[in-house]
Amino acid sequence: MNNLIVKAELSNLESVNMFVESKLEEHGCGAKIVLQIALVVEELFANVANYAYKDRADSENNYVDINVEFAESESGAKSVKITFTDEGVPYNPLLKPDPDITLSAEERQIGGLGIFMVKKYVDDIYYEHSNGKNILTVVKNF
Amino acid sequence: MEIRKDMKGSELTVALEGRLDTTTAPQLETELGDLPGVKTLVIDMEKLVYISSAGLRVLLKAQKLMNKQGAMTIKNVSQEIRDIFEVTGFNEILNIE
């Protein structure tokens with residue numbers, strides 16, 4: 001099983017984390033990579049759980065599909081690709097401007113920090129909206 | 001997540017254990033409240049293994065409050081969490097021992 005489908009609710013964060021972590025450990029990911037991917041997964045899953053289905057009356061189809069795939073190049077470089085798919089409101093988090101991380105505490109805005117961290121910790125990230133679905137993919141080399 | 005608070009006079013030490021993430025950050029926010037009577041706030045991260053943007057948001061809020069009424073220090077920060085502070089620029093706004 002390369003994917004997990006759960007309701008887009010924050011209470012499922014732990015099972016999502018456990019699913020992804022178990023895959024990473026099967027493939028020999030080190031602790032540092034596991035931690036960075038946990039951050040990425042949390043931010044992306046929380047985004048969907050908090051916003052994707054906000055204006056949806058029926059809660060039956062509030063799902064998110066998390067797909068984890070591994071690749072290894074001929075030279076032995078390994079990478080993991082994680083794809084989040086939901087059918088909530090179309091939303092491309094990559095359009096969010098990066099926060100100014102040089103501002104003082106008083107001037108700091110917390111918005112956008114989550115997706116900023118995601119961008120810092122992955123090697124590639126792309127978004128598409130297709131067939132009514134938000135599909136966000138991240139790639140991390142390890 | 002475990003949160004242990006120890007108030008001595010106007011110095012409050014808050015020891016965190018476990019994961020400060022989107023599901024546990026509200027717990028810390030509630031525990032801190034608006035920090036009445038606190039002039040020195042020490043956050044002990046010795047047993048904290050993880051912090052996400054939801055946790056950073058609570059730290060920023062506490063830092064802003066303490067800028068008005070005293071000082072805040074963060075101690076026993078692991079290398080993993082130090083990295084997260086650096087990536088987000090939080091090492092510049094927090095006082096890390």
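Hydrogens, waters and symmetry mates play no part in the numbers below; they use all other heavy atoms, side chains included. Predicted model, so just to flag it, every value in this text is computed and none were measured. Below, read A as the first sequence line, B as the second, and so on, with proteins coming before strands; counting in each chain starts at 1.
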> Salt bridge between B:Asp6 and B:Arg4, side-chain N to carboxylate O under 4.0 Å?
Replying inline: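 Looking at B:Arg4 together with B:Asp6, the answer is no, because their closest N to O distance does not fall below 4.0 Å.
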
>> Using a strict threshold of under 4.0 Å (side-chain N to carboxylate O), is an ion pair present between A:Asp65 and A:Lys133?
In response: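 Looking at A:Lys133 and A:Asp65, the cut-off is not met.
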
Any donor and acceptor pair, going by atom type alone, linking the side chain of [X] with main-chain N or O of [Y] inside 3.5 Å?
{"X": "B:Glu97", "Y": "B:Thr73", "result": "no"}
{"X": "A:Asn2", "Y": "A:Glu69", "result": "no"}
{"X": "A:Glu21", "Y": "A:Ala38", "result": "no"}

Can you find a heavy atom in the side chain of [X] that is under 4.5 Å from one in the side chain of [Y]?
{"X": "A:Glu9", "Y": "A:Asn62", "result": "no"}
{"X": "A:Tyr127", "Y": "A:Leu95", "result": "no"}
{"X": "B:Asp83", "Y": "A:Lys32", "result": "yes"}

> If contact means a heavy atom pair closer than 4.5 Å, which residues of residues 61-70 of chain B contact chain A?
Replying inline: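 From residues 61-70 of chain B, the residues near chain A are B:Gln63, B:Lys64, B:Asn67.
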
> Going by residue number, which parts of residues 26-45 of chain B are within reach of chain A, meaning a heavy-atom gap below 4.5 Å?
Replying inline: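 Hits under 4.5 Å: none found.
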
> Does any heavy atom of chain A fall under 4.5 Å from the side chain of B:Ile84, the backbone, both, or neither of them?
Replying inline: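 It is both, since atoms from each part get that close.
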
>> Would A:Asn17 and A:Phe45 count as a side-chain contact (heavy atoms from CB on, under 4.5 Å) here? Give the steps.
In response: CA-CA 10 Å; A:Asn17 270 332; A:Phe45 181 73; over 6 Å; no

[X]-[Y] co-clustered via ILVMFWY side chain contacts under 4.5 Å:
{"X": "A:Val139", "Y": "A:Met117", "result": "no"}
{"X": "B:Ile81", "Y": "A:Ile33", "result": "yes"}
{"X": "A:Val48", "Y": "A:Tyr51", "result": "no"}

Checking [X] against chain B: side chain, backbone, both or neither under 4.5 Å from a heavy atom?
{"X": "A:Ala46", "answer": "side chain"}
{"X": "A:Ala31", "answer": "neither"}
{"X": "A:Asp98", "answer": "neither"}
{"X": "A:Glu106", "answer": "both"}
{"X": "A:Tyr121", "answer": "side chain"}

> Among A:Leu39, A:Leu113, A:Leu35, who wins on heavy-atom pairs under 4.5 Å with chain B?
Replying inline: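 With the most close heavy-atom pairs to chain B, the winner is A:Leu39.
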
>> Can you tell me which of B:Val49, B:Thr23, B:Asp21 forms the most heavy-atom pairs within a distance under 4.5 Å of chain A?
In response: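 Heavy-atom pairs under 4.5 Å are most numerous for B:Asp21.
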
> Should the ring pair A:Phe142 and A:Phe70 be called parallel, tilted or perpendicular, given that the plane angle runs from 0 to 90° and is split at 30 and 60?
Replying inline: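 Judged by the thresholds at 30° and 60°, the geometry between A:Phe142 and A:Phe70 is perpendicular.
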
